[in-house]
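Every value quoted in this text rests on a predicted model; they were computed, and no experiment measured them. The figures that follow rest on heavy atoms only: side chains count, while hydrogens, waters and symmetry mates do not. By convention in this document, chain letters (A, B, ...) are assigned in the order of the sequence lines, proteins followed by strands, and residues within each chain are numbered from 1.
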Amino acid sequence: MTTTFPMSASPPKPRPGLHEASRREKLAKIAEMGIDPWGGRFDDRTPIGDIRAMANQVAYHLEDGTKLPIPPEVGQPDFSLKEWKAQQGQGELVGPRVRAAGRIVLQRRTGKLIFVNLRDWTGEIQLFIGKKQVGESDFELAKLFDLGDLIGVDGMLAYTNTGELTIFAEKLHFHAKSLQPPPEKHHGLHDAELRQRLRYLDLFYTEGVLERFRKRTRIVQSIRRTLDNQGYCEVEGPTLHAIAGGAAARPFITHHNALDLDLYMRIALELHLKRLLVGGMERVYELGRVYRNEGISPRHNPEFTMLEVYQAYGDYRTMMELTEQILVDAIEALGGQYQIPWGESTIDFTPPFARRTYDELLAEHAQVDPSDPVAVSTVARSLGFEPEGKHPDVVKNFVFEEHVEDRLKGPIFVIDYPASICPLTRRKRDNPAIAERFELFIEGMEIANAYTELNDPDLQEELFRTQLAGLPEEESMAKMDHDFIRALQHGMPPAGGLGIGIDRLVMLLTGARSIREVILFPLLRPETPRPGGSGTSATSEGGAERVDVQEEQKPPSS
RNA sequence: GAGGGCGUAGCUCAGUCGGUAGAGCAACGGACUUUUAAUCCGUAGGUCCUGGGUUCGAGUCCCAGCGCUCUCACCA
């Protein structure tokens, strides 16, 4: 052990926390009792949520053999179970025998009696640990419990006099010692930085966090199920790209040593999925991580999860139906609540979602005639945008982004985009000025983006070139993907393509206002241990730990 | 990348006008066999993010840096 116990005249050296010292002391005592403080396999336990559901099996057994059910008002403040029992006559509460395991989140010690609140990921329940009931040895063990310890219990489910559903312990087990104190017991972790850096504590102790991430899992499972049921094939494309294509974003650069080759982390899934369309995968999708070397904000994390779907012989309308199906199924998977609270307001996901044209929305929200370029320019100028020399559709799109997008509470499909602002999209056959594209907006956020994909290799190559020519210096790392053009030259079926930002969808479906609430480990600057060993609460905790390890390892190795 | 806010005990937070660093929880010692944020008595716990500066004196004022956060920009 590297820790020293506090002594009367100890020098003002930085010492390990008092909490850790006392916890290590208890750890040693548990080991001395012949109990492995790090536990082991523990079969046949019942999740605490299920145990709570067994409350109706608890009964009051009178001496004459009659078994009375517990009144339903048990646990309510104005109901005394003690009085009720006295009225019924002599007897005892009998309930099912159960085995539970979990973390100690609350403890109340009253002499020869200890109450413990035990929590697992299904719920929380109180344990009654009486010296007489569990015996000397187990009671000594219970006295060594700290908040945060992982323990197990065998006992009988019943009620205390105050009507609290309780496991009356008969046998205790020890599974792991918590050497660090948990967060404050009724405020939890509030510091946003600590919540992200110590996500394990945030998950366990902050209300709703674990539940939100389990919802994320259910949403992702549901999306896969929807696609799989429609015959889509899930694939895993490469994340290391020689050419970062498929989107306009700055990539992360990495390096392969053996090949002495700079590579890019992928910024999109698109180009490889389309190669698979050429290869005959007629319905294909990938649900995976992409990486963009851009700013960080409540809506942006450098790595995030995208879904991209392609269907041969489909178009953007096919993808619109699919998008709605994906969302509806996800909501069903979360329990079918179509009205989801979002800040002060509520999002109504009841299908069908509204479908409105770009121009209609422009007229409605920006109060401008979209067919009148002069009027549109006037509005753009009033927003501080200089329309001179710009393509009329670019000016129009500026007004759309400024005036319309934020007001699209949705869910709403925006259709009929001007073709000139989406160069990589097929145009309408009867109106080449309009692109076959939709975007799904919810609460001003772009959630989905879909196209009728371009499969003309010559046109694609030409558009690539004009796009590359217009890029600023720092994005010139983008390159022409000749192999992708070659793939198209072999014939890609006409197809509908769809992209959905999974993190943002999860935000909306779980009411999270920041993307960092739906990403388990969002990117943070690394903690920097200070030379003095102490610093902010976060760094001192991590830093001290590392120092201890090094000190422990040095003597044996030298 | 630009601007604003924040950083005090393990955690949650006070700290007045610049004048010896505070509380609750957690910890340690003691009392208590039906408690519910248990209660009661006692004890210990601090590089006030870091580094400069102003001042007789800085947690407090000024400058720089670090971290987080909000708004904006880029972007999905």
Task: Under 4.0 angstrom between K131(A) side-chain N/O and C32(B) OP1 or OP2 - done: no
Task: Qualifying residues under ring-ring contact (aromatic ring centres under 6.0 Å, His included), relative to Y60(A), sequence neighbours excluded - done: W84(A)
- [ ] Tell me what D191(A) touches on the nucleic acid: a base, only sugar-phosphate, or nothing, going by heavy atoms under 4.0 Å.
- [x] sugar-phosphate
Open item on the list: Using the P atom as the point on both nucleotides, what is the distance between G22(B) and A9(B), in whole Å?
Closed with: 14 Å
TODO: Examine A38(B): is either OP1 or OP2 under 4.0 Å from a nitrogen or oxygen in the side chain of K185(A)? Give yes or no.
DONE: yes
- [ ] Between N301(A) and L523(A), just flag the one whose closest nucleotide in RNA chain B comes earlier from the 5' side.
- [x] L523(A)
- [ ] Return yes if the base of U34(B) and the side-chain atoms of E164(A) contain a donor-acceptor N/O pair under 3.5 Å, otherwise no.
- [x] no
- [ ] State whether F304(A) and R292(A) meet the cation-pi test: NZ (Lys) or CZ (Arg) under 6.0 Å from the six-membered ring centroid, and within 45° of the perpendicular axis.
- [x] no
Task: Listed partners of E401(A) passing side chain to side chain donor-acceptor pair (under 3.5 Å), at least two apart - done: N397(A)
Open item on the list: Within the 4.0 Å heavy-atom criterion, would you say E446(A) contacts the bases, only the backbone, or no part of the nucleic acid?
Closed with: sugar-phosphate
Open item on the list: At less than 3.5 Å, do the side-chain atoms of T110(A) and the base atoms of U33(B) form a donor-acceptor pair?
Closed with: no
Identify all pairs in which a protein N or O lies below 3.5 Å from an N or O of nucleotides 22-24 of chain B, and state each distance.
from   : atom 1 : to      : atom 2 : distance (Å)
G24(B) : N2     : E184(A) : OE2    : 3.3

- [ ] Using only side-chain N and O atoms of R108(A), determine if any of them is under 4.0 Å from OP1 or OP2 of U35(B).
- [x] no
TODO: Tell me whether the OP1 or OP2 atom of C13(B) has a side-chain N or O from H190(A) closer than 4.0 Å.
DONE: yes
Open item on the list: Taking pairing as Watson-Crick or G-U wobble with both contacts under 3.5 Å, can you name the mate of A31(B), or confirm there isn't one?
Closed with: U39(B)
Open item on the list: Does C28(B) have its OP1 or OP2 closer than 4.0 Å to a side-chain nitrogen or oxygen of S22(A)?
Closed with: yes
TODO: Measure from CZ on R195(A) to P on C11(B) and round the result to the nearest Å.
DONE: 15 Å
Find every protein N or O atom lying less than 3.5 Å from an N or O atom of nucleotides 69-72 of chain B, and list the pairs.
from   : atom 1 : to      : atom 2 : distance (Å)
U69(B) : OP1    : Q196(A) : OE1    : 3.2
U69(B) : OP1    : Q196(A) : NE2    : 3.1
U69(B) : OP1    : R516(A) : NE     : 3.0

Open item on the list: Whole angstroms only, please: what is the CZ-C1' distance between R504(A) and A76(B)?
Closed with: 4 Å
Open item on the list: Tell me every residue that passes ring-ring contact (aromatic ring centres under 6.0 Å, His included) with Y358(A), counting only those two or more places apart in sequence or in another chain.
Closed with: F400(A), Y417(A)
Task: side chain to side chain donor-acceptor pair (under 3.5 Å) partners of K171(A), counting only residues at least two apart - done: D138(A)
Tabulate below the donor-acceptor pairs under 3.5 Å that side-chain atoms of residues 127-135 of chain A make, not counting sequence neighbours, or state none.
none

Open item on the list: Students often get this wrong, so: under 4.0 angstrom with heavy atoms, is K26(A) touching a base, only sugar-phosphate, or nothing?
Closed with: sugar-phosphate
Open item on the list: Is it true that R199(A) and T206(A) share a donor-acceptor pair across their side chains at a distance under 3.5 Å?
Closed with: no
Task: Any R525(A) side-chain nitrogen or oxygen under 4.0 Å from OP1 or OP2 of C68(B) - done: yes
Open item on the list: If the condition is side chain to side chain donor-acceptor pair (under 3.5 Å), which residues does T166(A) pass it with, not counting sequence neighbours?
Closed with: Q126(A)
- [ ] Using the test side chain to side chain donor-acceptor pair (under 3.5 Å), find all partners of R437(A) that sit at least two apart in sequence or belong to another chain.
- [x] E439(A), N449(A)
